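Have a look at the structure below, then the notes.
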Amino acid sequence: FPTKNLGAYGDGGLITTNSDEVAHMAKMLRNHGGLNKYCNEVLGYNSRLDSVQAAMDVALACGAEVFLPAGSYTFDSTVEAYFEDTDFNAQALKVRGDGPGRTVIENRVASGAAFYFGTRNPIAQQAWFLTVEGLEVTSRSGRGQCGIEVEDVWNGRISDCLISDQAVDGLVMRADQNDFGLPKTWTIERSLIVRNGRYGIYMGAAGAGSVAYNVTLDQLDIELNGQGGVYAAAELSRITNSIIANNGTGPNSHGGIHMTGDTGYRAYANAISGCGFEANVPYDIYADRVANLTLARNDHSRIQATSGAS
(Lines give C-alpha, C1' and ligand atoms only; values in the text may rest on other atoms or scores of the structure.)
Protein backbone atom coordinates (compact mmCIF):
# COMPACT_ATOMS: atom_id res chain seq x y z
CA PHE A 1 0.00 0.00 0.00
CA PRO A 2 1.19 3.58 -0.69
CA THR A 3 3.46 5.18 1.89
CA LYS A 4 4.27 8.36 -0.05
CA ASN A 5 2.54 11.73 0.16
CA LEU A 6 -0.02 11.45 -2.65
CA GLY A 7 -3.16 13.33 -3.46
CA ALA A 8 -6.06 11.06 -2.52
CA TYR A 9 -9.62 10.71 -3.79
CA GLY A 10 -12.23 8.03 -3.19
CA ASP A 11 -11.14 5.99 -0.17
CA GLY A 12 -8.33 8.32 0.84
CA GLY A 13 -8.82 10.94 3.53
CA LEU A 14 -7.48 12.88 6.51
CA ILE A 15 -8.65 13.52 10.08
CA THR A 16 -7.42 16.44 12.21
CA THR A 17 -8.21 16.81 15.90
CA ASN A 18 -6.91 18.49 19.06
CA SER A 19 -8.21 15.63 21.20
CA ASP A 20 -5.83 12.88 22.29
CA GLU A 21 -8.80 10.60 22.86
CA VAL A 22 -10.19 11.11 19.33
CA ALA A 23 -6.73 10.69 17.82
CA HIS A 24 -6.18 7.43 19.70
CA MET A 25 -9.54 6.00 18.55
CA ALA A 26 -9.01 7.16 14.94
CA LYS A 27 -5.62 5.42 14.78
CA MET A 28 -7.20 2.20 16.00
CA LEU A 29 -10.21 2.39 13.67
CA ARG A 30 -8.05 2.88 10.57
CA ASN A 31 -5.96 -0.22 11.39
CA HIS A 32 -8.46 -3.02 12.04
CA GLY A 33 -9.31 -1.67 15.49
CA GLY A 34 -5.93 -1.92 17.17
CA LEU A 35 -2.53 -0.29 17.50
CA ASN A 36 -0.55 -3.48 18.05
CA LYS A 37 -0.36 -6.36 15.61
CA TYR A 38 -2.98 -9.08 16.22
CA CYS A 39 -4.46 -7.09 19.10
CA ASN A 40 -7.81 -5.66 18.01
CA GLU A 41 -9.54 -3.71 20.77
CA VAL A 42 -12.57 -2.56 18.73
CA LEU A 43 -14.14 -3.40 15.37
CA GLY A 44 -12.15 -1.35 12.86
CA TYR A 45 -11.41 -0.92 9.15
CA ASN A 46 -8.70 -1.31 6.55
CA SER A 47 -8.68 2.30 5.34
CA ARG A 48 -5.70 2.31 3.03
CA LEU A 49 -5.95 3.98 -0.37
CA ASP A 50 -6.76 1.30 -2.97
CA SER A 51 -4.05 0.45 -5.48
CA VAL A 52 -5.93 1.52 -8.65
CA GLN A 53 -6.65 4.99 -7.21
CA ALA A 54 -3.03 5.31 -6.05
CA ALA A 55 -1.81 4.44 -9.56
CA MET A 56 -4.17 7.08 -11.01
CA ASP A 57 -2.79 9.76 -8.68
CA VAL A 58 0.81 8.96 -9.60
CA ALA A 59 0.03 8.84 -13.33
CA LEU A 60 -1.67 12.25 -13.23
CA ALA A 61 1.28 13.75 -11.41
CA CYS A 62 3.84 12.65 -14.00
CA GLY A 63 1.90 11.94 -17.20
CA ALA A 64 2.39 8.17 -16.99
CA GLU A 65 0.17 5.28 -18.09
CA VAL A 66 -2.05 3.26 -15.76
CA PHE A 67 -2.03 -0.38 -16.92
CA LEU A 68 -4.53 -2.80 -15.43
CA PRO A 69 -3.29 -6.32 -16.26
CA ALA A 70 -5.61 -9.23 -16.96
CA GLY A 71 -7.72 -10.04 -13.92
CA SER A 72 -10.97 -9.23 -12.14
CA TYR A 73 -11.33 -5.98 -10.18
CA THR A 74 -14.18 -4.88 -7.92
CA PHE A 75 -14.81 -1.16 -7.43
CA ASP A 76 -16.85 -0.23 -4.36
CA SER A 77 -15.97 3.45 -4.76
CA THR A 78 -15.36 5.57 -7.84
CA VAL A 79 -11.78 5.79 -9.12
CA GLU A 80 -11.38 9.50 -9.88
CA ALA A 81 -8.86 11.53 -11.85
CA TYR A 82 -8.97 15.31 -11.56
CA PHE A 83 -6.92 17.32 -14.04
CA GLU A 84 -5.80 20.54 -12.40
CA ASP A 85 -3.91 22.52 -15.07
CA THR A 86 -4.48 26.25 -14.79
CA ASP A 87 -2.86 27.13 -18.12
CA PHE A 88 -2.33 25.40 -21.46
CA ASN A 89 0.05 22.68 -20.26
CA ALA A 90 -0.35 19.33 -22.03
CA GLN A 91 -1.24 17.14 -19.07
CA ALA A 92 -2.16 13.65 -20.32
CA LEU A 93 -3.46 10.43 -18.82
CA LYS A 94 -3.81 6.96 -20.33
CA VAL A 95 -5.69 4.09 -18.68
CA ARG A 96 -5.19 0.77 -20.45
CA GLY A 97 -6.35 -2.77 -19.84
CA ASP A 98 -5.55 -6.10 -21.45
CA GLY A 99 -8.83 -6.15 -23.37
CA PRO A 100 -12.48 -7.03 -22.66
CA GLY A 101 -12.82 -10.48 -21.15
CA ARG A 102 -9.33 -10.16 -19.67
CA THR A 103 -9.34 -6.91 -17.67
CA VAL A 104 -12.80 -7.07 -16.10
CA ILE A 105 -14.04 -4.40 -13.69
CA GLU A 106 -17.15 -5.08 -11.62
CA ASN A 107 -18.73 -1.74 -10.74
CA ARG A 108 -20.57 -1.72 -7.39
CA VAL A 109 -20.65 2.05 -6.92
CA ALA A 110 -24.29 2.67 -6.11
CA SER A 111 -24.04 6.46 -6.40
CA GLY A 112 -21.63 6.96 -9.27
CA ALA A 113 -19.38 5.70 -12.02
CA ALA A 114 -16.59 3.14 -11.93
CA PHE A 115 -14.27 5.80 -13.42
CA TYR A 116 -14.66 9.59 -13.30
CA PHE A 117 -12.42 11.98 -15.24
CA GLY A 118 -12.78 15.76 -14.99
CA THR A 119 -11.72 18.98 -13.29
CA ARG A 120 -12.64 20.52 -9.97
CA ASN A 121 -13.11 23.98 -11.50
CA PRO A 122 -14.00 23.88 -15.23
CA ILE A 123 -13.82 27.67 -15.51
CA ALA A 124 -10.20 27.94 -14.33
CA GLN A 125 -8.77 24.48 -15.04
CA GLN A 126 -8.25 22.51 -18.24
CA ALA A 127 -8.23 18.75 -18.76
CA TRP A 128 -6.39 17.98 -21.96
CA PHE A 129 -5.66 14.45 -23.16
CA LEU A 130 -7.31 11.27 -21.93
CA THR A 131 -7.12 7.77 -23.40
CA VAL A 132 -9.07 4.77 -22.08
CA GLU A 133 -8.73 1.45 -23.87
CA GLY A 134 -8.97 -2.29 -23.41
CA LEU A 135 -11.35 -2.43 -20.42
CA GLU A 136 -14.49 -4.35 -19.65
CA VAL A 137 -16.61 -2.39 -17.20
CA THR A 138 -19.68 -4.29 -16.10
CA SER A 139 -22.10 -4.39 -13.17
CA ARG A 140 -23.48 -7.87 -12.88
CA SER A 141 -24.57 -7.03 -9.34
CA GLY A 142 -26.86 -4.30 -10.73
CA ARG A 143 -25.48 -1.77 -8.22
CA GLY A 144 -23.18 0.28 -10.49
CA GLN A 145 -24.73 3.46 -11.87
CA CYS A 146 -22.37 4.25 -14.76
CA GLY A 147 -19.31 2.70 -16.39
CA ILE A 148 -17.19 5.72 -17.38
CA GLU A 149 -18.01 9.40 -16.81
CA VAL A 150 -16.04 12.18 -18.51
CA GLU A 151 -16.67 15.85 -17.77
CA ASP A 152 -14.94 18.81 -19.43
CA VAL A 153 -11.98 16.94 -20.94
CA TRP A 154 -10.77 18.63 -24.13
CA ASN A 155 -9.37 15.78 -26.22
CA GLY A 156 -9.50 12.05 -25.82
CA ARG A 157 -10.26 8.58 -27.04
CA ILE A 158 -12.13 5.59 -25.63
CA SER A 159 -11.57 2.43 -27.66
CA ASP A 160 -11.74 -1.36 -27.56
CA CYS A 161 -13.93 -1.45 -24.46
CA LEU A 162 -17.01 -3.35 -23.33
CA ILE A 163 -19.37 -1.35 -21.11
CA SER A 164 -22.42 -3.23 -19.94
CA ASP A 165 -25.13 -3.80 -17.34
CA GLN A 166 -24.89 -0.42 -15.58
CA ALA A 167 -28.05 0.61 -13.74
CA VAL A 168 -28.18 4.00 -15.50
CA ASP A 169 -25.77 4.90 -18.35
CA GLY A 170 -22.89 3.03 -19.91
CA LEU A 171 -20.77 6.04 -20.90
CA VAL A 172 -21.45 9.66 -19.93
CA MET A 173 -19.79 12.71 -21.53
CA ARG A 174 -20.75 16.06 -20.06
CA ALA A 175 -19.89 19.64 -20.94
CA ASP A 176 -20.06 22.20 -18.15
CA GLN A 177 -20.78 25.90 -18.51
CA ASN A 178 -17.53 27.48 -19.67
CA ASP A 179 -15.87 29.32 -22.54
CA PHE A 180 -14.37 26.26 -24.19
CA GLY A 181 -17.35 24.21 -25.43
CA LEU A 182 -16.16 20.95 -23.89
CA PRO A 183 -15.70 18.07 -24.50
CA LYS A 184 -14.27 18.56 -27.99
CA THR A 185 -12.28 16.49 -30.46
CA TRP A 186 -13.22 13.16 -28.91
CA THR A 187 -13.35 9.70 -30.50
CA ILE A 188 -15.22 6.70 -29.10
CA GLU A 189 -14.54 3.66 -31.26
CA ARG A 190 -14.44 -0.12 -31.62
CA SER A 191 -16.47 -0.77 -28.47
CA LEU A 192 -19.52 -2.74 -27.38
CA ILE A 193 -22.02 -0.87 -25.19
CA VAL A 194 -24.95 -3.04 -24.16
CA ARG A 195 -27.67 -3.72 -21.58
CA ASN A 196 -27.45 -0.47 -19.65
CA GLY A 197 -30.53 0.69 -17.77
CA ARG A 198 -30.94 4.10 -19.40
CA TYR A 199 -28.62 5.08 -22.28
CA GLY A 200 -25.68 3.33 -23.85
CA ILE A 201 -23.99 6.72 -24.42
CA TYR A 202 -25.19 10.01 -22.94
CA MET A 203 -23.66 13.23 -24.31
CA GLY A 204 -25.01 16.44 -22.85
CA ALA A 205 -24.49 19.39 -20.55
CA ALA A 206 -23.89 19.34 -16.82
CA GLY A 207 -25.65 22.72 -16.76
CA ALA A 208 -27.12 25.18 -19.21
CA GLY A 209 -24.63 26.87 -21.51
CA SER A 210 -22.63 24.26 -23.38
CA VAL A 211 -22.90 21.07 -25.42
CA ALA A 212 -20.54 18.28 -26.43
CA TYR A 213 -18.59 19.39 -29.51
CA ASN A 214 -16.84 17.52 -32.33
CA VAL A 215 -17.28 14.00 -30.93
CA THR A 216 -16.94 10.99 -33.26
CA LEU A 217 -18.66 7.70 -32.48
CA ASP A 218 -17.28 5.07 -34.88
CA GLN A 219 -17.46 1.28 -35.21
CA LEU A 220 -19.63 0.80 -32.14
CA ASP A 221 -22.16 -1.89 -31.30
CA ILE A 222 -24.85 -0.25 -29.15
CA GLU A 223 -27.63 -2.64 -28.19
CA LEU A 224 -30.28 -3.49 -25.61
CA ASN A 225 -30.10 -0.25 -23.63
CA GLY A 226 -33.31 0.48 -21.74
CA GLN A 227 -34.12 4.10 -22.57
CA GLY A 228 -32.08 4.52 -25.74
CA GLY A 229 -28.84 3.84 -27.56
CA VAL A 230 -27.35 7.35 -27.84
CA TYR A 231 -28.59 10.62 -26.35
CA ALA A 232 -26.66 13.43 -28.04
CA ALA A 233 -26.95 17.11 -27.19
CA ALA A 234 -24.03 17.91 -29.45
CA GLU A 235 -22.58 20.07 -32.23
CA LEU A 236 -20.39 19.02 -35.18
CA SER A 237 -20.48 15.40 -34.04
CA ARG A 238 -20.56 12.23 -36.14
CA ILE A 239 -21.98 8.76 -35.60
CA THR A 240 -20.57 6.43 -38.24
CA ASN A 241 -20.19 2.76 -39.19
CA SER A 242 -22.04 1.47 -36.13
CA ILE A 243 -24.76 -1.03 -35.26
CA ILE A 244 -27.58 0.42 -33.17
CA ALA A 245 -30.21 -2.18 -32.36
CA ASN A 246 -32.89 -3.19 -29.85
CA ASN A 247 -32.65 -0.01 -27.77
CA GLY A 248 -35.70 1.35 -25.95
CA THR A 249 -38.49 -0.53 -24.26
CA GLY A 250 -41.67 1.48 -24.82
CA PRO A 251 -43.39 4.52 -26.39
CA ASN A 252 -41.67 6.93 -24.00
CA SER A 253 -38.19 5.61 -24.77
CA HIS A 254 -35.72 7.46 -27.00
CA GLY A 255 -34.97 4.67 -29.44
CA GLY A 256 -31.71 4.31 -31.32
CA ILE A 257 -30.34 7.88 -31.48
CA HIS A 258 -31.93 10.95 -29.89
CA MET A 259 -30.28 14.02 -31.41
CA THR A 260 -31.31 17.18 -29.61
CA GLY A 261 -30.33 20.66 -28.56
CA ASP A 262 -29.97 21.92 -25.01
CA THR A 263 -30.94 25.07 -23.15
CA GLY A 264 -29.92 27.98 -25.37
CA TYR A 265 -28.35 25.72 -28.04
CA ARG A 266 -29.51 23.87 -31.12
CA ALA A 267 -27.78 20.66 -32.13
CA TYR A 268 -25.93 21.96 -35.19
CA ALA A 269 -24.16 20.27 -38.10
CA ASN A 270 -24.19 16.69 -36.83
CA ALA A 271 -24.02 13.66 -39.12
CA ILE A 272 -25.15 10.03 -38.97
CA SER A 273 -23.80 7.81 -41.72
CA GLY A 274 -23.07 4.19 -42.55
CA CYS A 275 -25.03 2.84 -39.56
CA GLY A 276 -27.31 -0.16 -39.32
CA PHE A 277 -30.51 0.21 -37.29
CA GLU A 278 -32.82 -2.56 -36.17
CA ALA A 279 -35.76 -2.89 -33.78
CA ASN A 280 -35.21 0.32 -31.81
CA VAL A 281 -38.31 1.51 -29.93
CA PRO A 282 -40.13 3.69 -30.81
CA TYR A 283 -37.85 4.98 -33.62
CA ASP A 284 -34.32 4.67 -34.93
CA ILE A 285 -33.45 8.40 -35.13
CA TYR A 286 -35.27 11.26 -33.44
CA ALA A 287 -34.29 14.85 -34.27
CA ASP A 288 -35.37 17.65 -31.94
CA ARG A 289 -34.07 21.25 -31.94
CA VAL A 290 -31.44 20.39 -34.54
CA ALA A 291 -30.10 22.25 -37.58
CA ASN A 292 -28.18 20.90 -40.58
CA LEU A 293 -28.39 17.23 -39.61
CA THR A 294 -26.88 15.00 -42.33
CA LEU A 295 -28.12 11.43 -42.81
CA ALA A 296 -26.38 9.21 -45.37
CA ARG A 297 -26.03 5.51 -46.19
CA ASN A 298 -27.93 4.27 -43.15
CA ASP A 299 -29.75 0.94 -43.24
CA HIS A 300 -33.37 0.56 -42.03
CA SER A 301 -33.64 3.98 -40.37
CA ARG A 302 -37.05 5.13 -39.14
CA ILE A 303 -36.77 8.86 -38.55
CA GLN A 304 -38.98 11.25 -36.62
CA ALA A 305 -38.35 14.98 -36.52
CA THR A 306 -40.08 17.82 -34.65
CA SER A 307 -41.12 21.05 -36.30
CA GLY A 308 -38.01 22.68 -34.86
CA ALA A 309 -35.65 20.39 -36.78
CA SER A 310 -34.05 21.25 -40.09
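Computed from a prediction, not measured in an experiment: that's the story for all the values here.
Residues passing the ring-ring contact (aromatic ring centres under 6.0 Å, His included) test with Y283 are Y286, sequence neighbours excluded.
Note: the hydrophobic cluster containing Y116 does not contain V168 (ILVMFWY, side chain heavy atoms under 4.5 Å, direct or indirect links). Cluster membership for V281 and I201, using ILVMFWY side-chain heavy atoms within less than 4.5 angstrom, is not shared. In this structure, L220 is not a member of the same hydrophobic cluster as L162, with clusters built from ILVMFWY side-chain heavy atoms closer than 4.5 Å. Neither V194 nor L171 shares a network with the other; the hydrophobic side chains, linked directly or stepwise wherever heavy atoms of I, L, V, M, F, W or Y lie under 4.5 Å apart, form separate groups for each. Linking Ile, Leu, Val, Met, Phe, Trp and Tyr whenever their side-chain heavy atoms come within less than 4.5 Å puts F117 and F75 in one cluster.
Looking at N270 and R238, their side chains never come closer than 4.5 Å, going by heavy atoms from C-beta outward. Two residues are said to be in side-chain contact when any heavy atoms from C-beta on lie closer than 4.5 Å; E149 and F115 fail this criterion. Looking only at side-chain heavy atoms (C-beta outward), H24 and L35 come within less than 4.5 Å of each other. Side-chain contact between W186 and M173 is present, with heavy atoms from C-beta onward closer than 4.5 Å. At least one side-chain heavy atom of F67 sits under 4.5 Å from a side-chain heavy atom of D98. Proximity of Y73 to N107: side-chain heavy atoms (C-beta onward) are nowhere separated by under 4.5 Å. Using a 4.5 Å heavy-atom cutoff, the side chains of L135 and V95 are in contact. With a 4.5 Å cut-off on side-chain heavy atoms, I244 and D284 do not count as touching.
In this structure, G204 and A233 approach most closely via the heavy-atom pair CA-CB, 4.0 Å. P282 approaches G250 most closely through the heavy-atom pair CD-O, 3.8 Å. In terms of heavy atoms, A81 sits closest to M56 at CB-CG, 3.7 Å. Nearest heavy-atom pair, I272 versus F277, reported as atom, atom and distance to 0.1 Å: CG2-CZ, 4.1 Å. When every heavy atom of S77 is checked against every heavy atom of V109, the shortest pair comes out as C-CG2, 3.5 Å. What you find for L217 and S242 is that their closest heavy atoms are O-OG, 4.1 Å.
Side chain of N298 to main chain of C275: a donor-acceptor pair is present (N/O by atom type, distance under 3.5 Å, no hydrogens or angles). In terms of modelled atom types and a separation under 3.5 Å, the side chain of S253 and the main chain of G255 share no donor-acceptor contact. Looking only at distances, no side-chain donor or acceptor of N196 sits under 3.5 Å from a matching main-chain atom of N225. Between the S191 side chain and the D160 main chain, a donor and an acceptor come within less than 3.5 Å of each other. With hydrogens and angles ignored, the 3.5 Å screen pairs a side-chain donor or acceptor of S237 with a backbone N or O of V215. With N247 contributing its side chain and A245 its backbone, the two residues share a donor-acceptor pair below 3.5 Å. Here the side chain of S139 pairs no donor or acceptor atom with the backbone of Q166 at under 3.5 angstrom.
Going from atom CD of E80 over to atom CG of D57 covers 9.5 Å, rounded to the nearest 0.5 Å. If you take CE on M28 and CG on N36, they are separated by 10.5 Å, rounding to the nearest 0.5 Å. The CG atom of L236 sits 6.5 Å away from atom CG of N214, with the distance rounded to the nearest 0.5 Å. The structure places CD1 of I193 at 5.0 Å from CD1 of I163, a figure rounded to the nearest 0.5 Å.
For R157, the CZ atom sits in a packed shell: over 12 heavy atoms of surrounding residues, nucleotides or ligands are nearer than 6.0 Å. More than 12 heavy atoms of other residues, nucleotides or ligands sit less than 6.0 Å from atom CD of E189.
S141 and E106 are linked by a side-chain donor-acceptor pair at a separation below 3.5 angstrom, with hydrogens and angles left out of the test. When only modelled atom types and interatomic distance are considered, S273 and T240 share no side-chain donor-acceptor pair under 3.5 Å.
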Are T138 and S164 close enough, and set up right, to give a side chain to side chain donor-acceptor pair (under 3.5 Å), and what steps lead you there? CA-CA 5 Å; T138 187; S164 69; 3.2 Å; yes
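With respect to the salt-bridge test (charged N to carboxylate O, under 4.0 angstrom), the residues R140 and D165 do not qualify. Using a 4.0 Å cut-off between a side-chain N of Lys or Arg and a carboxylate O of Asp or Glu, K94 and E133 qualify as a salt bridge.
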